[in-house]
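First the proteins, then the strands, lettered A, B, ... as listed; each starts at 1. Since this is a predicted model, take the numbers as computed values, not measurements.
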Amino acid sequence: MSHPSDETLFAAARGDDLPEVLAHTDRCSACSSRLRRLQGGAVAMREAKRSMPDLNWNRLDDIIAREAEVAARDIRVAAPVGRGGWLRPLSLVFAVGAAAAAAVVVMRPAPEVVTPLAQRVPAVSPAPAPRRAVDATVLLSTAGSTLRPTENGPSTDLSSAIPHEGARLETAPGARAVLALQPGVTLDLRAESAASLSRLREGESVVTLDRGALRLARSEGTADVSLRAGAWSVRAEGDVLARRELDVIRVVVLAGRASVQREGASALTFSGPVTLELPAAGDARRVGDAALDEIALDLSAFRAENALLRVPALDPAAVLSLGDLTLPVGVSTLRVATSRPLTARVGRVSYTLDIGTGEVVTWRRVTVVAAREPVAPRPAPRTAPVIAAPEPPDPGLAPQQIQAVARAVGSRVRHCFSTCVEQNRCAADEGQLRVNVSPEGAATLAPIPASLEGARRCLEGEVGRFRGTPASAPYAIAIGFNTRR
Amino acid sequence: MLLSSATSLRALQTPEDDAVPAYVTRAQRGDARAFEDIYRMHRRDVSRLAARLLGPRGDLEDVIQEVFIQVFRSLGTFRGDSRFSTWLHRVTVNVTLMHIRALRSRPQLGNELLHEPAAPEDDSPADGAARAERLRALYKILDTLSEKKRAVFILHDIEGIAAAQVAKMVESNVLTVRTRLFYARKEVYAAMAQDPTLESIAQELQADAQEGAAP
């Protein structure tokens, strides 16, 4: 038996029944050593699976509990609000009779600043559907990379580059370039690569890969494209990727048939998806029946960078940047031929466009610059009691005494209003809350408006526990409220 | 403490009775206790997953905290297209990988373990130290992999998650996961076969086993 592969030895190391492997390792000291090391590795993997971290759960519990409160409050705060926002103090109540006006004013707490977004984009999210259609602005950018015929050095304007025979194209580190060779035929040159256009005729294009990697994309029914690398020539029906390594050209045929020919030899035909190795010397070799090349593994990113991307919707005021280029406002479609990230800024929050696998395109939040605005402390409410006009018979209380009763009731029920408003349980309304006080001082709530039903239980509870100033006759107080937003 | 008294204990659904547990729906409506339920029901899973991906280095508690903060903030975007646990695990993987990227760009802390694996009760201190050493050796090899290969190798070959589930967690497809796994295994086994540290581990374990077996 020849020396077993690492994979085979690992199978033996983890206990698979492979007597021939063990017999070999008994005879071969090098393989025996490898086997022992792989056994150590297998043990380490088993232990890694069983290991559980020892954590300070108490500390985590406290932190998460606080975050839970914040998150829950954010949801409640972000409930639909009217145009005017929430800062609407309750109004002053009317004055009745000759007494001074009284009021119970409940100030709502200042809401936290909510970053306005067309749609909230979390760190991880499914690809959002565009919210609106805009005229597409197509931008082709190389992020400063340069492309031009070598004799003149690199140019910056790829979109106007007219490919011609004999042109040699080079890309700098970190940059790529996309070029339409003919209608329906696109050359996508990866970073640090070079290619020559040997022939650009109607019906056929020939591209020679001199260095690095490229992709040739070809629509059905368009002109043939031949890829040349070293002594090899590849003519493919569909898209093909190629990478030139030291002494081999690695070709991935994504779909359709490809004809591969070495100078002076017969052509061989393969059907994609297939990965081929074309050595400097020797015959073409099929590596596998699937596209197993690393380039193909990142195909979706490769493709996405070469494709028209629908930019997920953001606030119209978002400023988009591609590297250090600022893009036009309202761009919704990009053709990107660069590895530079696309970033957006909405207010003080930054995002980067994540071109993930499977062409899922999302905005990923990268910087939270906006600090949470501290919730403004609730200002002390201004209260002044309503002095109801004395109803016959006269309860015999001085206006100041009635004022005090109203103030006391007002301070008790204030939280009922603020809670009801915060939790959206009270309808927008304004009016009076009437409280009857018996001669013994027992307070009862008069029928309340329907808009305050959400606060009924709280109001009844607070009023029911209140003891007013005893008087010679029953009296009533009225407290004004305004829950309009 | 999240549970301040026995009277506040509530019967909770097991995590995946429904694809969208009731506590998730309640949390999406602003119920603070429901957020806490999400944390309590899933914190073990999240911590184990993050620990596996993170390895011995890196502040696991920070990562767990960040995962749940992200979950809380983005809960509104969960539409029930997948099981909640799948979505949560995806967030965990993403947050942990971001943390690893950040770690790689910072100076390393040397060989200090920032979180010690909890040792079995019958472990001696020497056993614990040896286990920690093996874990370090393994993750030193895993750290040489690219991020994507490392993630699928850990999730599938160490944690034992099925390829289809791994694909959802890393937002890819099964073919790509299997392909990355193929290359990851090649690299890992090749590195293991070259690592003399692992040979001494195997020899120690063999010696321990023989000692134990000796009459």
Checklist line | Test log, rule side-chain contact (heavy atoms from CB on, under 4.5 Å), inputs A:Trp57 and B:Glu61 | finding: CA-CA 9 Å; A:Trp57 287 112; B:Glu61 287 179 16; over 6 Å; no
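- Remark: of the listed residues A:Thr8, A:Leu9, A:Asp6, A:Asp6 is the sole one forming a side-chain contact (heavy atoms from CB on, under 4.5 Å) with B:Tyr189.
- Of all heavy-atom pairs spanning A:Leu38 and B:Ala193, the tightest one is CD2-N, 4.2 Å.
- Within 6.0 Å of the CZ atom in B:Arg178, the count of heavy atoms belonging to other residues, nucleotides or ligands does not exceed 12.
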Check: B:Glu36 and A:Ile64: side-chain contact (heavy atoms from CB on, under 4.5 Å), yes or no, with the steps?
Finding: CA-CA 7 Å; B:Glu36 293 173 11; A:Ile64 299 299; 6.0 Å; no
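- A:Ser33 touches chain B through backbone and side chain together, each having a heavy atom under 4.5 Å away.
- If you measure heavy-atom distances from A:Arg46 to chain B, you find no contacts under 4.5 Å at all.
- Atom CZ of A:Arg36 is separated from atom CG of B:Leu198 by 12.5 Å, given to the nearest 0.5 angstrom.
- In this structure, the separation between CZ on B:Arg134 and CE on A:Met45 is 14.5 Å, given to the nearest 0.5 Å.
- Within the 4.5 Å cutoff, no side-chain heavy atoms of B:Leu135 are placed close to those of A:Glu47.
- Taking CD of A:Glu67 as the start and CZ of B:Arg73 as the end, the distance is 6.0 Å to the nearest 0.5 Å.
- Contacts of B:Ala27 with chain A are made by backbone atoms alone, with heavy-atom separations under 4.5 Å and no side-chain atom involved.
- With contacts defined as side-chain heavy-atom distances shorter than 4.5 Å, the pair A:Leu60/B:Tyr39 qualifies.
- In this structure, CE in B:Met192 is found 13.0 Å from CZ in A:Arg37, a value given to the nearest 0.5 Å.
- In terms of heavy atoms, B:Phe35 sits closest to A:Ala68 at CB-CB, 3.5 Å.
- The part of A:Ile63 that comes within reach of chain B is its side chain, from C-beta onward, which places non-hydrogen atoms under 4.5 angstrom from that chain.
- Chain A forms more heavy-atom pairs under 4.5 Å with one residue of B:Asp195, B:Leu75, B:Ile141, B:Ile64 than with any other, namely B:Asp195.
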Notebook entry, point to check: salt bridge (charged side-chain N to carboxylate O under 4.0 Å, His left out) between B:Arg43 and A:Asp61: does it pass, once the steps are laid out?
Noted result: CA-CA 10 Å; B:Arg43 66 181 190 180; A:Asp61 288 353; 2.7 Å; yes
